[in-house]
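We use all heavy atoms of the structure for the numbers below, so side chains are in, but hydrogens, waters and symmetry mates are not. Per chain, numbering begins at 1; letters A, B, ... match sequence-line order.
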2 protein chains.
Amino acid sequence: MTFREIFERFASRYLPGNQSDAALLRYQSLARAIEAKPDSPVRLDENCDHLAFVCCGATKLVAHASGGREQIVAFHFPDELVVVPARAEHAYTLSSVKGSELLVFDYQELLDLARNDPLVLRMLLDCSRKSLIRCRNKSLALGRKTAAERVASFLAGMAVRIGMPEDDCVFLDLPMSRRDIADSLGLTVETISRQITQLRSLDIVSTVGKSGVRIDDLRGLEARAGYLIASG
Amino acid sequence: MTFREIFERFASRYLPGNQSDAALLRYQSLARAIEAKPDSPVRLDENCDHLAFVCCGATKLVAHASGGREQIVAFHFPDELVVVPARAEHAYTLSSVKGSELLVFDYQELLDLARNDPLVLRMLLDCSRKSLIRCRNKSLALGRKTAAERVASFLAGMAVRIGMPEDDCVFLDLPMSRRDIADSLGLTVETISRQITQLRSLDIVSTVGKSGVRIDDLRGLEARAGYLIASG
DNA sequence: CGGCGGCCTTGATCGAAATCAAGGCAGACC
DNA sequence: GGTCTGCCTTGATTTCGATCAAGGCCGCCG
């Protein structure tokens, strides 16, 4: 894809339709297109925040702690926005999970340009609010849920975000590896594997190759996800 | 404190100074003051998001999972804003940790009123970005850090937020109980207690009564916090 | 003053997930 | 077709923090 195509996709989705050509050009001049290869972190200036638009593929936002430990803090899919924070006590890197095309902005520059544009500000606010809710749900899972519940809520969440309805079930083509799932759920690959095996033996999911997961019993999956239902 | 006083404190901190009296009144008409007693959740309509301004005291935002399990997702101190999400797969409640005075808005109503006010929107965006960063750091801690590291980073974080410098150390008067700390760090009270005991025996902190913690060796504390330093 | 009731601390044991250690499987390349 | 390599699965053992079970401390109130 060309830079123009990527930028246009971003603009049509996230910039208000009434922008003048000049305004669009100003946004365009702040953007940088990046083609990200699987698992290699996107090189960004660590001293400032960035905003990335995922045009195609899938990305992971990774938080780094001492000793090389990594926690995936969020996955992002096409047409979504990610805020990548500057380095502080911890470093954050954005990586592709499967090969992606991204459009990257310096967050502050973008905000300065949009400083008086309520539509753009509301869009940013909305994206930030959604990320915050996802992150809080993840904190709950990491802090208080069992391995079985984490895997179930992960799959149920993916079903909503990238599931393809099929007969009376949902098919998932997971772009991320078992290792990525483990790093996202605060578990190990072995535990992920065992949990998926167990879901299979309960006829809740079936697997197709390494990346295909068909959710045969979404209710059953949600029932193991630790969600609050009625009296919870 | 009277409603007026609380609202004025909020307005002076978060509403741009150039607002007309009429505009201020519109904001004021959306606000509700609430006096929150320790540990009893603030009653809010679960069907919509809310924004709360903590005027005094300290609050916790609690996420609820099945089986009565709770995870504290964020603490908030005076002059801070919290977004309390509507109920979905999980419920979120805001409680006081020590007795607080709050100003509460329906988030959507507030956003509608501020829809064309870039200054207010930027303020909301900024508050949302800060919460997101804290929440991501918490996810990293919950997913990948040991009990010792979680307690150390908790104390180091509190030192920044509510610490009182004193000689060459920092004094903390923790408003929350051990149980709250445990629910925030995804651990148990017993583990918190043991970790603090260990920090005491390493001369990194000393404790004064139940709520007082003096950080005698901030470097030492940070060194155990799992932060990324240089080569990490 | 004494006894009561919350928290907090400490110790002993248990258990869920990590770690260690083999295989198994499938796509890539010769 | 073979074999190589990376990812995934399965099994055996270990470990960190949870759980279970006593006490200790302190403020509160009679």
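- In B/E5, the CD atom is crowded: over 12 heavy atoms of neighbouring residues, nucleotides or ligands sit closer than 6.0 Å.
- The distance from atom CD1 of A/I181 to atom C1' of D/dC8 is 11 Å, rounded to the nearest whole Å.
- Between the side chains of B/Y92 and A/N137, a donor-acceptor pair is found at a separation under 3.5 Å.
- Within the 4.0 Å cut-off from OP1 or OP2 of C/dT9, at least one side-chain nitrogen or oxygen of B/R178 is found.
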Starting at the 5' end of nucleotides 18-29 of chain C, put B wherever the base has a protein heavy atom under 4.0 Å, S where only the sugar-phosphate does, and a dash everywhere else.
SBB---------
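- For the pair B/E222 (side chain) and B/R219 (backbone), a donor-acceptor distance under 3.5 Å is absent.
- In this structure, B/D180 atom CG and C/dG6 atom P are separated by 17 Å, rounded to whole Å.
- Remark: B/E8 does not engage B/R13 in a salt bridge, criterion side-chain N to carboxylate O under 4.0 Å.
- Where B/T146 and A/D39 meet DNA chain D, the nucleotide closest to each residue was compared, and A/D39 sits on the side nearer the 5' end.
- Per the geometry, CD belonging to A/Q198 stands 17 Å off C1' belonging to D/dC8, to the nearest Å.
- Annotation for B/R69: atom CZ counts as buried by contact number, over 12 foreign heavy atoms lying within 6.0 Å.
- Helical stems of DNA chain D (runs of at least 3 Watson-Crick or G-U pairs, donor-acceptor distances under 3.5 Å) are listed by first residue: C:1-30 with D:1-30.
- For B/R9, the CZ atom counts as densely surrounded, since its 6.0 Å shell holds more than 12 non-hydrogen atoms of other residues, nucleotides or ligands.
- In this structure, A/R179 does not reach the D/dC8 phosphate: none of its side-chain N or O atoms is under 4.0 Å from OP1 or OP2.
- C/dA16 atom P lies 18 Å from atom NZ of A/K145, rounded to whole Å.
- A donor-acceptor contact under 3.5 angstrom links the side chains of B/T207 and B/R200, judged on distance only.
- Residue contacts shown for A/R150 are absent, as no nucleic acid heavy atom lies under 4.0 Å away.
- Residue A/R43 places its CZ atom among 12 or fewer non-hydrogen atoms of other residues, nucleotides or ligands, all under 6.0 Å distant.
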